[in-house]
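Okay, so here's the structure we're looking at.
All heavy atoms count here, side chains included; hydrogens, waters and symmetry mates do not. Chain letters run A, B, ... following the sequence lines, proteins first, then strands; residues in each count from 1. Nothing here was measured: the structure is a model prediction, and the numbers come from that model.
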Amino acid sequence: MLNQKIAKIFYQIGEYLEMEDVPFKPQAYEKAGRVLESLSKDVGEIYKEKGLQGLKKIPGIGESMAKKIEEFIKTGKIKRYEELKKKCPVNLEELSRIEGLGPKMIKILYQELGIKNIKDLEKAAKKHLIQKLYRFGPKVEENILRGIEFSKKSKGRFLLGFVLDTVKLIEKRLNDLDEVEIAMVAGSVRRRKETIGDIDILVVAKNSQKVMDFFVSMPEVEAVYSKGSTRSSVRLNLGLDADLRVVKKESFGSALQYFTGSKEHNISTRRIAQEKGLKLNEYGVYKRKNQNKWERIGGASEEEVYQLLGLPYIEPELRENRGEIEAGLKGRLPKIVKYEEVKADLHMHTTWSDGSHTIEEMVKEAKRLGREYIAITDHAGELKVAGGMSEKEILLQIKEIEALNKKIKGIKILKGIEANIKVDGTIDVDEKILKRLDLVIASVHSKFKMSKKEMTKRICRAMQNPYVNIIGHPTGRVIQQRAGYDLDFEEILKEAKRTNTFLEINAYPDRLDLSDINIKKAVEAGVKLTIGTDSHHKNQLRFLELGIAQARRGWAKKSDILNCLPLKEFLKKIKKF
DNA sequence: GCCGTTTTCGGCCCGACTGTTTTCAGTCG
């Protein structure tokens, strides 16, 4: 929480400095903001443990910013920021969200028209006051109004899981065209980020005009923003924008690398190019010939781009500038788990609790999707709103699963439950029953707002239960809805390792809990993980892919994921004793 | 303001697009 707050202030300081035309500092603040945002550890804790020196170890944070962080921890304020804000007291966060509006324009709008927020901005635009300003015109005014409308309508980013199918469909359709040599989705979708802002697709085409015609007339297209011969831009009925770009075959690799991002990863790769006397852009890799002549030396494939930079191929899911470049240079990039290596889905619900399908229906769909084994893990115990099973029902369900295992071949069904971790950390199902199951997931479903200390103790105690194998959705976050419970994650990892308990990567689109950053921490701590979809409907079983993507983004190897194991070994490893 | 297997000083990623201008500034990804 502290990290996000300070990050926001740093972003704003950067924007204020940009208004003043201060060179280089804006980028420094912006970078520091991004680093803080994706930092896994709270700066408050870093400061408490290691002081100012600890803060300065954070990349992008030096003397001056460390002191500002210290100031914020101690006083809740940063003087420099308050000064800048006094000079230009506008709602920067709100205004810079408007597409096309940056610090320089915001400053002029404030000085000339006293515009402080979106409300003021909308009023001024409707009165046509903006187009009278120097270097502004009717088009700028129009764009501002459109930007305001968009920001009102759009919810911002979209969950990957709810758009991935459509993206894949569009990609496949394009690839099926005779005119298309290759079509590939780039951007945050290709990196499998948990939320995405828009869709970028690249194609190599023999006849680009025909491809563009096809693209803008797809049934999913709601509006066409622009249609050209090399780039078209549309809004899909899902509510998000999609761009299609035609690139030359010889540039496909560098274009794919460029448009896949992340921005931070690209900045790093271009810096490496520069250090080697090369230049990297979306058209290729270039070598300096003389003063101002560059010679193209590659760019047809991504592999070639990375190779010319002296790097191994870096999987898209790793391209977040979280150490993949450094690891690549040292030859220490991990071999991350492959999509086809995960054999099982370890978390799902049926009509026995709050699911929509019978066990048999779920099993058949899971088999169709190629799973080798699955665990049925209906709610049990006190969670009556979610149809928690009584102990009697659990025993009946065990019988049904045993019968189905005899009936259905080619997939094995494991007997499990999702039990509740009560406030005191105990499990609300009797050990006599737990004993008879293949695996037990224990999750927090109540009283989310406990103190950090209490919640950590609560989950640690659950892990001490000899029959609890997996902690479900360990941090309890719901993307775009609520932050996770307050936890000492380091402590959780220690206890998980000590008690041989596994942490879940919940693959449900709005959970993806553990997050990529927490997965990386768990992997580093040697804690093993399981992936489960938490499906409540058979159509949700396909979300396993999202959990694997998340594992890959967290640098997890095959050996870190328990459900990569064949069934027999899995059953041995899951047991605590 | 940050950073350093060439540096504690002198660099800092790159190009396209847009709208406003007659050569460029601002914004974006």
Consider only side-chain N and O atoms of [X] and [Y], and report whether a donor and an acceptor are under 3.5 Å apart.
X	Y	answer
A/Glu324	A/His265	yes
A/Glu250	A/Tyr283	no
A/Glu15	A/Ser96	yes
A/Lys68	A/Tyr29	yes

| For A/Leu101 and A/Lys25, take the nucleotide of DNA chain B holding the closest heavy atom to each; which residue's nucleotide lies nearer the 5' end? |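 Here A/Lys25 is the residue nearer the 5' end.
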
| message | For A/Arg245 and A/Ala66, find the nucleotide of DNA chain B closest to each by heavy atoms; which residue's nucleotide sits nearer the 5' end? | response |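 Residue closer to the 5' terminus by nearest nucleotide: A/Ala66.
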
Interatomic distance at [atom1], [N] relative to [M], whole Å:
N	M	atom1	value
B/dG10	B/dG15	C1'	25 Å
B/dT5	B/dG1	P	23 Å
B/dT21	B/dG26	C1'	13 Å
B/dC14	B/dT20	C1'	23 Å
B/dT7	B/dC12	C1'	14 Å
B/dG19	B/dT23	C1'	13 Å
B/dC3	B/dC13	P	13 Å
B/dG11	B/dT6	C1'	13 Å

Between atom [atom1] in [X] and atom [atom2] in [N], what is the gap in whole Å?
X	N	atom1	atom2	answer
A/Met105	B/dG19	CE	C1'	9 Å
A/Lys31	B/dC2	NZ	P	10 Å
A/Leu240	B/dG29	CG	P	14 Å
A/Asn281	B/dC17	CG	P	13 Å
A/Arg296	B/dC14	CZ	P	17 Å
A/Glu18	B/dG26	CD	C1'	9 Å
A/Glu20	B/dG26	CD	C1'	16 Å
A/Glu15	B/dG1	CD	P	17 Å

Please work out if [X] contacts a base, only the sugar-phosphate, or nothing of the nucleic acid, heavy-atom cut-off 4.0 Å.
X	result
A/Lys279	sugar-phosphate
A/Gln274	sugar-phosphate
A/Leu17	nothing
A/Asp200	nothing
A/Lys263	base
A/Pro26	nothing
A/Pro59	sugar-phosphate
A/Lys68	sugar-phosphate
A/Tyr29	sugar-phosphate
A/Ile13	nothing
A/Lys139	sugar-phosphate

| Quick one: does A/Arg34's side chain have a donor or acceptor within less than 3.5 Å of a partner on A/Lys31's backbone? |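 Side chain of A/Arg34 to backbone of A/Lys31, a donor-acceptor pair under 3.5 Å: no, none is there.
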
| With distance as the sole test, does A/Arg319 use its side chain to make a donor-acceptor pair with the main-chain N or O of A/Ile314 at under 3.5 Å? |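 Yes: the side chain of A/Arg319 pairs with the backbone of A/Ile314.
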
| Side chain of A/Tyr283, base of B/dG15: donor and acceptor closer than 3.5 Å? |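 Answer is no: no donor-acceptor pair is held.
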
| In Watson-Crick or G-U wobble terms, both distances under 3.5 Å, what is the partner of B/dC3? |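 The answer is B/dG10, by the H-bond criterion.
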
| request: Examine B/dT20: is either OP1 or OP2 under 4.0 Å from a nitrogen or oxygen in the side chain of A/Arg135? Give yes or no. | output: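 A/Arg135 to B/dT20 OP1/OP2: no side-chain N or O under 4.0 Å.
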
| request: Determine: side-chain N/O of A/Asn266 to OP1/OP2 of B/dC14, distance under 4.0 Å, yes or no. | output: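 Checking A/Asn266 against B/dC14: no side-chain N or O falls below 4.0 Å of OP1 or OP2.
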
Would you mind telling me which of [options] lies closest to the side-chain atoms of [X]?
X	options	value
A/Glu282	B/dA16, B/dG26, B/dC28	B/dA16
A/Ser64	B/dG19, B/dG26, B/dC2	B/dC2
A/Tyr258	B/dT27, B/dG29, B/dC14	B/dG29
A/Arg271	B/dC12, B/dC28, B/dG1	B/dC12
A/Ile267	B/dG15, B/dC13, B/dT20	B/dC13

| Within 45° of the six-membered ring axis of A/Phe252 and under 6.0 Å from that ring's centre, is NZ or CZ of A/Arg245 located there? |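 Ring-cation test returns no.
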
| query | If you measure from the ring centre of A/Phe24 to the centre of the six-membered ring in the base of B/dC2, is it under 5.5 Å, with the planes under 30° apart? | reply |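 The base of B/dC2 is not stacked with A/Phe24 (the test needs centres under 5.5 Å and planes under 30°).
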
| task | Please state whether the rings of A/Tyr16 and A/Tyr81 are parallel, tilted or perpendicular, taking 30° and 60° as the class boundaries. | result |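 Geometry flag for A/Tyr81 against A/Tyr16: tilted rings.
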
